[in-house]
Amino acid sequence: MNIAAQINSILAALVLLTAFGLLVQRRIYGLLHLFAWQGLFLSISTGLVGYVARQHHLYISSILTLALKVIVLPYILHTLIVRLKIHKEVETVVNIPTTMLMGIALVIFSYHLTAPIRELSTLVTRSTIAVALATVMLGLLMMITRRHAVTQIIGFLAMENGLFFAATSATYGMPLVVELGVGLDILIAAFIFGIFFFHIRETFDSLDVEQMARLKEEE
Amino acid sequence: MNVFSPLFVMCLQFIAVLFAAPAFAGWVRMVKCWFQGRKSAGLFQPYRDIFKLLNKDVVLAENASWIFRFTPFLVFGTTVLAGVIIPILSIDLPLSATADAIALVALFTIARFFTALAGLDIGTAFGGMGSSREKTVASMSEPAMLMAIFTVSLVSQSTSISHMVNVIAHGEFVLRPSLAFALLAFILIALAETGRIPVDNPATHLELTMIHEAMILEYSGRHLALIEWAGMMKLFLFTTLGIALFFPWGIAAAGDITFLPVAILLLLIKLFFAGIGLVLIEIGLAKMRLFRIQEFLGSAFLFATLGLLSYFMLE
């Protein structure tokens with residue numbers, strides 16, 4: 001393994017670590033920080049892959065990731081949390097050690113799933129595909145096991161991070177147009193989520209999505 | 001010369017483990033005092049404590065059985081044995097062939113098991129409580145410890161500690177995410193195993209929070225001296241095991257006896273920084289609630305497993 005691949009593996013490991021950090025973190029500001037860190041590692045990794053593979057459009061993706069996922073999105077979410085005066089502790093559906101074990105199982109599953117692709121691929125980044133898929137799975141797990149709308153959104157964004165990472169490690173990134181589109185979508189989504197949060201809270205006085213079960217006609 | 005050198009190294013290491021461990025414990029206490037703005041009792045206070053306790057009479061409870069009297073010697077003995085298995089100064093240890101990493105964990109477990117038995121043996125409420133808590137911590141920290149060590153043995157393709165250290169110290173240098181995860185796990189486990197702050201407080205005698213102290217509350221005189229000494233050695237051994245597995249550069253190679261002074265100097269420097277690091281962790285964290293320990297050790301297990309997995313996935 002050459003040195004760039006080694007550094008990329010370390011970055012992949014850090015992305016995986018932050019994905020697990022998001023699963024076990026109890027405080028909502030901690031979640032935001034971890035999400036920003038994940039974006040930072042992703043951005044560095046993308047830039048590195050762009051440099052090694054001489055794919056210069058990846059530099060733009062990297063800068064886009066840095067701007068959007070490290071600065072803008074955490075800032076928007078932070079403002080939302082402050083405005084909505086959200087309770088600082090995160091409530092989970094399943095307790096944290098169980099979530100961790102489920103997370104480990106998901107990592108093994110994604111390793112098993114991507115093993116054939118790894119055999120076929122010749123890219124520098126082929127070993128990080130499993131990590132990318134695991135990050136997607138862990139984001140999904142986070143969306144399932146959290147009760148609050150804001151933490152579910154962070155899970156969703158972490159999932160998107162995983163998909164982005166998968167694109168970089170499987171095919172050296174999507175075409176630039178697609179990536180710009182996805183970045184814009186994510187930004188718009190964040191705004192829409194913000195408006196949505198305000199509506200949920202006005203209707204239920206809480207951001208607990210369990211409350212939505214009440215949205216049915218009286219029998 | 002070549003016949004005697006491993007024996008010489010072993011004797012040197014035996015003496016180092018016995019007599020450097022209290023100094024390391026003293027160093028940790030000293031740095032902690034400085035950081036907390038207190039005046040420290042000096043580097044040699046642990047020696048004075050041990051010497052004082054060795055000269056005192058033993059007070060035994062009426063219903064103490066042989067287990068209670070036997071435990072201090074067993075704890076001391078297994079810890080010293082562990083001390084000549086872990087390569088601290090040189091890789092060339094004759095006794096390291098007798099026990100691999102799994103046996104090493106088992107040695108620490110035997111000591112722990114008997115300490116818990118001795119806590120129960122005397123029949124006081126505190127002893128039983130301490131033993132129960134100690135076993136709770138042990139049941140979660142040992143699997144994580146084994147997983148962390150297995151990660152390193154995967155990298156070096158062996159469970160013999162000497163061989164593991166040799167591969168990492170003298171093999172090709174590769175950035176390995178698996179070892180980084182294993183190191184993280186190892187730090188968390190070492191904090192739990194040696195009873196340092198987020199899990200247990202070595203300085204407390206407050207009844208509600210103590211774990212290790214609760215079990216050995218009834219010991220006195222030379223028994224207490226041996227247990228305290230073994231505790232200091234355990235701290236020293238966990239630190240040096242961490243150094244040997246994750247930062248072994250500078251350890252003397254097999255048969256290279258002239259390199260020993262350099263190895264000793266490097267070890268002292270590493271211990272100097274390890275002590276400061278340990279204190280920084282301890283003063284940065286508050287002691288955890290007992291029911292949070294499962295989360296703490298659960299994350300240690302998670303890191304160790306991730307290390308194991310990332311060996312397969314990323315390397």
Side-chain angles (χ1 to χ4, degrees), chain A residues 1-26 41 45 48 92 94-115 117-118 124-135 137-138 165 169, chain B residues 136-137 139-141 143-144 146-148 150-152 154-155 168 171-189 192 198-199 246 284-286 288-315:
Chain A
M1 270 203 301
N2 60 0
I3 190 79
Q6 284 176 30
I7 294 172
N8 200 37
S9 301
I10 294 273
L11 286 167
L14 285 170
V15 169
L16 190 62
L17 188 64
T18 45
F20 268 102
L22 289 172
L23 267 186
V24 300
Q25 178 62 258
R26 283 172 184 277
F41 296 136
S45 164
L48 185 76
T92 53
V94 188
N95 72 5
I96 285 178
T98 319
T99 323
M100 277 198 256
L101 289 181
M102 283 155 81
I104 292 175
L106 282 178
V107 175
I108 296 171
F109 174 66
S110 27
Y111 168 67
H112 189 69
L113 208 62
T114 53
I117 305 174
R118 187 184 169 176
V124 187
T125 52
R126 63 183 177 280
S127 57
T128 55
I129 301 173
V131 173
L133 188 64
T135 314
M137 297 271 189
L138 291 174
F165 196 43
S169 47
Chain B
T136 313
V137 174
S139 67
M140 289 180 287
S141 78
L146 277 175
M147 286 295 246
F150 283 157
T151 309
V152 187
L154 259 180
V155 170
I168 290 168
E172 190 195 355
F173 179 75
V174 182
L175 285 174
R176 289 183 189 277
S178 56
L179 285 187
F181 278 126
L183 173 65
L184 255 176
F186 186 83
I187 291 173
L188 296 187
I189 298 154
V199 179
F246 300 103
L285 296 171
M288 258 183 308
R289 257 172 59 203
L290 196 69
F291 297 112
R292 279 285 167 87
I293 291 178
Q294 52 152 335
E295 245 165 68
F296 179 82
L297 291 170
S299 31
F301 183 76
L302 172 78
F303 289 140
T305 318
L306 282 184
L308 213 63
L309 285 173
S310 62
Y311 175 78
F312 291 113
M313 290 198 301
L314 297 170
E315 285 163 26

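Naming convention: chains lettered A, B, ... in sequence-line order (proteins, then strands); numbering from 1 in each chain. None of these values were measured; they are calculated from a predicted model. Side-chain atoms are counted along with the backbone in the values below, which use heavy atoms only and exclude waters and symmetry mates.
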So, the part of B/Thr305 with a heavy atom under 4.5 Å from chain A: the answer is side chain
Per-residue tally against chain B (heavy atom, under 4.5 Å) across A/Ala12, A/Pro97, A/Ala130 peaks at A/Pro97
Max heavy-atom pairs within cutoff under 4.5 Å with chain B, candidates A/Leu101, A/Ile104, A/Ile129, A/Asn8, goes to A/Ile104
So CG of B/Leu314 and CD1 of A/Ile10: to nearest 0.5 Å the spacing works out to 9.0 Å
Under 4.5 Å to a heavy atom of chain A? For B/Phe312 that would be both
Rounded to the nearest 0.5 angstrom, the CE-CD distance for A/Met100 and B/Glu295 is 6.0 Å
If you tally heavy-atom pairs under 4.5 Å between each of A/Ile96, A/Thr114, A/Asn95 and chain B, the highest tally belongs to A/Ile96
So CG of A/Leu17 and CZ of B/Phe181: to nearest 0.5 Å the spacing works out to 5.0 Å
d(B/Leu306 CG, A/Phe20 CZ) to nearest 0.5 Å is 4.5 Å
Rounded to the nearest 0.5 angstrom, the CG-OG distance for A/Leu23 and B/Ser299 is 12.5 Å
Honestly, the part of B/Leu302 sitting under 4.5 Å from a heavy atom of chain A is both
The interface call for A/Leu16 against chain B, heavy-atom contacts under 4.5 Å, is side chain
